[in-house]
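Here the structure is laid out as structure tokens; the discussion comes afterwards.
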Amino acid sequence: MSKPVILCIDDEKIILDSLKAELRNALDNNFTLEIAESGDEAIEIIHDLIDRKVEVPLVISDQIMPGMKGDTLLIKIHQLLPKTLTILLTGQAGVEAVGNALNYANLYRYVPKPWDTADLTLTVTQAIKSFYQSKMLEEQSIELQNLVSELKEVNESLEKRVDDRTEEIRKKNEEITAQKDKIDHQKEILERNNVKLIALNEEKDYLIGVVAHDLRSPLNRINGLANIIRDSYDNLTDEQIQFLDLIIQSTSRLGKMIANILDVNAIEAKEIKIN
């Protein structure tokens with residue numbers, strides 16, 4: 001990876017050599033110093049650096065040069081490299097030139113000629129430090145924005161999951177409520193039917209008791225009368241005796257059947273115990 005470049009522009013070669021020597025002594029070996037003797041040459045160098053993706057933290061330019069002036073050059077460089085800081089270096093710069101550089105060329109500082117070496121090197125090192133601080137802040141800002149975006153996505157995803165889960169729970173509750181209502185309705189129907197069954201069973205028990213009582217008394221009388229006739233009369237024919245025996249047997253069977261019905265009814269009503 002290429003080292004970052006500090007570009008110096010001045011139409012006087014001796015000044016460029018002096019500037020380059022002073023900056024080489026002040027800066028560590030992490031930077032490359034490039035020089036240009038005109039604005040056009042500087043623009044060509046900038047385009048080449050951009051094509052090679054070489055970082056340019058700082059450009060130092062003289063103001064008074066043949067052809068393109070320093071402030072105009074720095075404005076053009078700023079349009080190509082908006083984050084690069086600039087220093088205008090001259091003893092003849094007017095207020096307008098400095099203003100232009102300040103407003104349109106990201107001017108870090110104006111340094112008059114002849115410059116003080118210590119002041120110039122301090123200005124350059126501070127400008128480079130400012131460039132990398134701004135770069136770091138921008139990277140941190142981008143990272144923070146990315147984190148915010150990720151958190152937003154996570155939050156939206158979590159909200160959607162909560163909404164989906166809430167909707168699922170709501171539907172389940174509706175299903176449970178519907179099932180409960182259905183069970184309660186069926187329970188009401190069963191309770192009503194049970195009341196009807198109890199009433200019908202009580203009515204059945206009553207009718208069985210009445211019918212059995214009403215049948216048992218006549219049957220007993222018929223059975224008793226048939227026995228009296230059979231035992232009291234000697235002149236009965238065989239056919240009459242068989243008929244009386246049939247009556248006695250039939251009424252006895254009916255009596256037993258009625259007794260069994262009454263016993264079963266009593267068992268259902270839990271009125272008697274079975275041993």
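- A donor-acceptor pair is defined here as one N or O able to donate and one able to accept, closer than 3.5 Å; no such pair exists between the side chain of Q179 and the backbone of E175.
- To the nearest 0.5 Å, atom CD1 of residue I228 and atom CG of residue L244 are 11.5 Å apart.
- A donor-acceptor contact shorter than 3.5 Å is absent between the side chain of E34 and the backbone of I45.
- Panel note: side chain E22, backbone L19; no donor-acceptor pair is recorded below 3.5 Å.
- In this structure, the separation between CG on D40 and CE on M65 is 9.5 Å, given to the nearest 0.5 Å.
- Between R109 and D119 there is a salt bridge, with a side-chain nitrogen of the basic residue lying less than 4.0 Å from a carboxylate oxygen of the acidic one.
- Atom CZ of F31 has more than 12 neighbouring heavy atoms from other residues, nucleotides or ligands inside a 6.0 Å radius.
- Of the possible donor and acceptor atoms, none in the side chain of S141 sits under 3.5 Å from a partner among the backbone N and O of L137.
- Side-chain atoms of T251 come within 3.5 Å of backbone atoms of I247 as a donor-acceptor pair (strictly under, hydrogens ignored).
- Taking OG1 from T166 and NZ from K160, the interatomic distance works out to 12.0 Å, rounded to the nearest 0.5 Å.
- In this structure, OG1 on T32 lies 9.0 Å from CD1 on I6, to the nearest 0.5 angstrom.
- Annotation for A42 and I9: closest pair CB-CG1, 3.6 Å, computed over non-hydrogen atoms.
- The 12-atom threshold is exceeded at CD of E191, counting heavy atoms of other residues, nucleotides or ligands nearer than 6.0 Å.
- Of the candidates K171, R170, K172, R170 is the only one forming a side-chain hydrogen bond (donor to acceptor under 3.5 Å, both in side chains) with E174.
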Step by step, would you call K69 with D62 a salt bridge (charged side-chain N to carboxylate O under 4.0 Å, His left out)?
-> CA-CA 8 Å; K69 301 301 180 184; D62 186 22; over 6 Å; no

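- K113 NZ: more than 12 foreign heavy atoms inside a 6.0 Å radius.
- A distance-only check finds a donor-acceptor pair linking the side chain of N106 to the backbone of T84 [under 3.5 Å].
- Using a 4.0 Å cut-off between a side-chain N of Lys or Arg and a carboxylate O of Asp or Glu, E55 and K135 qualify as a salt bridge.
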